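Here is the structure we will look at.
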Amino acid sequence: MPSLKTTYEVGLDFLEFLGQRISKTDRNELRDIYNFEFKRFVTVTQSHLLSVWHICFTRFIHVRVCFILSLYLKSLEKNIVCHLFMIVCFPSQWHISLKKKTHCHVCLSFRAELIKDKGGVEITSDPKATKGKVTFIIKEQGKLFVVKFHIVNHGESCVYFTYYTALHKMRCFTLVDERRVNRVSPLLLCPGESYVVEVHYKVHHHGHFPATMYFEFCPEADPPGTAKPFCIVRELEAVVQSGLAETLGPESPYNPKQNRRLRPENRILEEGVPPERLDLSIYLSIYLSIYLSVCLSLRLYVLRQVLDTQLCMKNYKERFHLLLHLEEIQMEVDIKKYDLYGKTMTLDKSNKKLLILKVPGVAENRPSVLRGDKLNVCLSEDRNQPITVYEGYVHSVELERVKLGFSKTLLQKFVKNMKFNVEFNINRFPIRLQHRAVELACQHRLGDVLFPSDKGTGHTALPHLRFAYLENNPEQKAAVQHILSGTSKPAPYLIFGPPGTGKTVTVVEAIKQVNKSKATTHILACAPSNSACDLLCERLLGYVDAHRLYRLCAPSRDPCTVPQKLLVRHIHGVLVSGGIAKGHFTHIFIDEAGQAVEPECIIGIAGLLDPVKGQLVLAGDPQQLGPILRSPLAQLHGLGQSLLERLMTQNALYQKSQDGHSGYETRFVTKLLRNYRSHPAILKIPNELFYENELQVFANQMEREAFCCWEHLPKKVPDHWGFPVVFHGVMGKDDREANSPSFFNVTEIEVIVSYLNKLMQTQGKKGLPKLSANDIGIITPYRKQVEKIRKALNTVAELNKWKDIKVGSVEEFQGQERKVIVVSTVRSSVNYVKMDQDFNIGFLSNEKRFNVAMTRAKALLVVVGNPVILRKDPTWQRFIRYCELEQGYTGFDYKDAEGEEDVVSRLASLKISSDGMQPYITLSDQKCNYIMCSYDSFCVCVSRYRREPTTAACASRVEI
Ligand SMILES: Nc1ncnc2c1ncn2[C@@H]1O[C@H](COP(=O)(O)OP(=O)(O)OP(=O)(O)O)[C@@H](O)[C@H]1O
């Protein structure tokens, strides 16, 4: 195998050799150039050829280009280069499946060796073990359960039973044997003799309590001490669970996807049938990533310069085009991992023109599929050349299935059990909107808005305003006054601050005051997700003339997901493409601006905002959820930074004054620090970790202390000094089912249900407020857990009144608040933590997600999770420690259990290799995408929708 460097150099030589032919994409043509022209000029070994072949022909041209680019950018960190190399040098799927296979093979053969009976010794158990594992269910907490191990010497010579131990040291079981066997006093088992070892389980919590039993033997030897000891291992798992857990358990064993194949290239496409009211007939350039090839054919160092130099208006367009292309390339590579093979479809009974395809993971955007997207299918049996590929338009997405509109030809051909191969594609529309936005930003000279400086024009007297609501907060009032008098113009006005400090309230008040100020004002209000935009719109409804307020949604959004109140105000349409003149909107507000990448953010600005007269207001908190990106290269070069964060960190106008006294320049920016939402105990850790303890508690005392005397708090104090934060330790299991990559944890659901039952029984009594479904929120990072919690709410009769409690991902809760928040962290196995990091899902190693989840509760926060796993993360460790110190910790005591790593070290100390007892994980995907909306009038709420990793309920897009 040639070195990376050599492979890369030969690849580069070949690209250089291509010269003007660099943009060619035809595989056969490239192969001929390679074989008949290039090879004559260059001396390369066979293995070089193989690698270069992979680089040059097995991927699309732009991926190849990306690879070369990444290597060219020598300043890049090594691991990113390697990462890209993996993707490009081999078809990624081969590489991954290869790695997976070897890894699994090693694990399995290692485990098989450990559990095998050997040396004439046989170990059986009661209950019986299946493939070396004894699993048993205990229905009653606290009841003694005994597992017996029978050790029999079936051999022809004597064997010493020298030692046994449990590798998981949990205090919920004890080991019992009559003779107290150990290495100092071993037991001689002659042929035919047997011995019993017992494991006594007494568990006081629901959950999964595993143990690994290690039995050590040594053949009798002459002379003594010359024989080699050997071991036999048995795994145990006690499952303590109720009937509910059985109902919610895996419907079928987890069966990940099949190996992937290359997509057929020689094809004819048969167009599908799009859903109604989808086409907004807008003109939008293609913005193909062939742009990269063109740039490359010019000179690579030009691209390097674009990425390396400081962002300014001069390089704005080139920089963001390039970063967007890099992101798109990664998205394309990622989505192919979801291709399906040999799948059947069914005819939709309610609409015979549609076919239904099951897509596991679609609810979690793995793969991301929205109404109006297209995917391709071909008959698995089709061996023709060219192959016929049928385009299927997505008419709707329902949990784990999509309804597709195909051509009549396929419908006529379709019979039950027909097998199809399915290809997923990215929808380029959101990316194209972003390309257009960066172009419009330059065309309309938004330099003074995007790179503002103090023009000194805003020293006007502030207007006297009447506030109904913000009277008590001078910072909020000043922000509204500055926005109204346009002191920052043409620079954007920034409102930032920690959670619950009233950013959205300030935006709403400013909109209301601007609206009152002049009849000629037109306001556009945007947010990066449908849920944030809905919230803004709902809050505005109370203050402005509802007939002049529109909520613009993408035709792709399922109307069922639009809140009832907004349905009548909900329309489709276009803004820039609809010819809305620049300057029509006098004020543009973007709430939760920290969540969007800069090109997304400016979709609502470029071409609409007058850079001289218009007022832009950005509100958000860079410490809460930011943009989600797939490409490490784009991330490295700053695409992950929102406009809000860039201005706050790189522009002097928005930074604290150097003298340290006067704080921020209020003509341009307001920092809000008074929290009106939560009990101080809830805020404590986020305040310390993310806000330098600056956050001040201003929430209404009665409301914030409403649960301080709740009888089910672990810390029982009969007055308002109670501690309304609970960490409930659970030894659950992060399960998966069928072929869905998403996780769930039924033990955590049992605990959640028990808390809901307790709340139901106690609400409205002993000074506790009455609760409705709207007062409670359940946050969990995985879609499958959302689904299972909903199922539990519908199953448990006592909770019938609360079956509509909002259950969703952190992304769905950003900007929201509830009296009571319950968080289910799900993760219970250390083996998946890396996957969470790689795919930006889950709670661990994601401080922003932690911050948002922990700051939604007003009066009671209950966190249910596995303390052993969570404590591996410093942020969670701090939170759990805090709960312990304040006596808010309950449930399983993590000190009773050793983590999985301890088993590894114990195995190591017993001189047994412990390498990988768990199978390798499946790969998944999540990514961002853009959105936008429609039209005019006086006040318009526009939402952009990012395809969030764990969001399905608000899965929709709004078109421009
Ligand atoms: N001046 C105020 N007086 C009383 N209550 C207020 C005031 N400002 C905001 N609130 C209340 O504080 C809570 C949080 O407000 P809001 O949602 O606007 O905060 P936010 O900063 O946008 O939060 P997040 O960062 O979580 O999106 C709301 O219940 C709101 O009614």
Side-chain angles (χ1 to χ4, degrees), residues 465-481 494-513 525-529 531-543 589-596 617-626 642 644-645 648 669-680 682-683 686-687 690-691 694-704 706 769 774-775 777 779 806 808 810-821 848-859 861 943:
L465 302 172
R466 286 180 55 153
F467 294 97
Y469 190 53
L470 305 182
E471 217 41 84
N472 59 357
N473 186 318
E475 289 87 25
Q476 286 176 319
K477 269 172 34 184
V480 176
Q481 286 170 313
L494 261 55
I495 304 168
F496 81 100
T501 48
K503 297 179 290 295
T504 306
V505 163
T506 312
V507 166
V508 169
E509 182 67 26
I511 291 176
K512 185 181 129 190
Q513 297 282 358
C526 315
S529 66
S531 60
C533 203
D534 289 343
L535 184 82
L536 197 57
C537 200
E538 279 175 308
R539 291 201 182 168
L540 275 168
L541 266 181
Y543 297 105
F589 291 82
I590 300 178
D591 196 14
E592 304 290 359
Q595 251 191 306
V617 179
L618 304 176
D621 174 11
Q623 296 290 2
Q624 294 186 47
L625 285 175
S642 65
L644 177 89
E645 193 174 358
M648 281 177 57
V669 55
T670 291
K671 183 176 184 183
L672 300 175
L673 286 171
R674 299 180 181 196
N675 180 287
Y676 292 96
R677 177 178 292 155
S678 312
H679 189 281
I682 296 171
L683 290 179
N687 197 8
F690 312 115
Y691 302 108
E694 285 185 318
L695 203 46
Q696 301 148 19
V697 177
F698 270 77
N700 176 292
Q701 189 174 356
M702 268 249 297
E703 287 180 19
R704 72 182 194 226
N774 288 338
D775 294 320
I779 306 180
K806 176 165 175 156
V810 186
E811 285 75 3
E812 284 172 87
F813 272 92
Q814 175 136 326
Q816 310 239 341
E817 57 187 19
R818 296 287 187 280
K819 279 186 186 138
V820 179
I821 287 284
K848 291 185 173 184
R849 204 168 274 150
F850 170 89
N851 184 23
V852 176
M854 296 298 134
T855 50
R856 302 300 102 195
K858 289 176 165 187
L861 171 66
S943 76

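Counting from 1, the numbers follow the sequence of the chain as shown. Order of appearance sets the numbers: ligands from 1, and atoms from 1 within every ligand. None of these values were measured; they are calculated from a predicted model. Computed over heavy atoms, backbone and side chain alike; hydrogens, waters and symmetry mates excluded.
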What protein heavy atom sits nearest atom 26 (O) of ligand 1, and how far away is it? Arg856 NH1, 2.7 Å

To which protein heavy atom is atom 4 (C) of ligand 1 closest, and what is the distance rounded to 0.1 Å? Tyr676 CD2, 3.4 Å

For Gln476 and Glu509, which I'm curious about, is there any donor-acceptor pair between the side chains at under 3.5 Å? no

Return the minimal non-hydrogen interatomic distance between Lys512 and Tyr543, and the atom names on each side. CD-CD2, 3.5 Å

For ligand 1, is Arg674 a contact, meaning one of its heavy atoms is under 4.0 Å away? no

What about Asn472: any of its N or O atoms under 3.5 Å from an N or O on ligand 1? yes

Going by heavy atoms in the side chains, are Ser678 and Asn675 under 4.5 Å from each other? yes

His679 versus Glu703: any side-chain heavy-atom pair under 4.5 Å? no

Provide, to 0.1 Å, the distance between atom 1 (N) of ligand 1 and the closest protein heavy atom, together with that atom's residue and name. Gln476 OE1, 2.7 Å

Evaluate the side-chain contact (heavy atoms from CB on, under 4.5 Å) criterion for residues Phe467 and Val480: first the C-alpha distance (whole Å), next the side-chain angles of each, then the deciding distance (0.1 Å), finally the verdict. CA-CA 10 Å; Phe467 294 97; Val480 176; 3.8 Å; yes

Check Ile682 against Met854 and note the closest heavy-atom contact, atom names and distance. CG2-O, 3.4 Å

Nearest protein heavy-atom contact for atom 22 (O) of ligand 1: which residue, which atom, what distance? Thr504 OG1, 2.8 Å

Min N/O separation Gly497 to ligand 1 under 3.5 Å: no

Contact atoms of ligand 1, heavy-atom distance to Glu592 under 4.0 Å: 27 (O)

What's the shortest distance from atom 23 (O) of ligand 1 to any protein heavy atom, and which residue and atom give it? Gly500 N, 3.0 Å

Which is closest to atom 17 (O) of ligand 1 in terms of heavy atoms, Gln816, Arg539, Glu817? Arg539

Within the structure, does Leu470 bring an N/O atom to less than 3.5 angstrom of an N/O atom in ligand 1? no

Is any side-chain heavy atom of Glu817 closer than 4.5 Å to a side-chain heavy atom of Arg856? no

Measure the distance from atom 20 (P) of ligand 1 to every protein heavy atom, then report the residue, atom name and distance (to 0.1 Å) of the closest one. Lys503 N, 3.5 Å

Residues Tyr676 and Asn700: side-chain donor-acceptor under 3.5 angstrom: no

With only distance considered, is Gln624 within less than 3.5 Å of ligand 1 through an N or O on each side? yes

Heavy-atom side-chain proximity of Phe690 to Gln624 below 4.5 angstrom: no

Among protein heavy atoms, which sits nearest to atom 19 (O) of ligand 1, and what does the distance come to when rounded to 0.1 Å? Gly502 N, 3.1 Å

Would you say that Leu536 contacts Thr504 through its side chain, given a criterion of any heavy-atom pair below 4.5 Å between the two side chains? yes

Among non-hydrogen protein atoms, atom 5 (N) of ligand 1 lies closest to Tyr469 OH, 3.3 Å

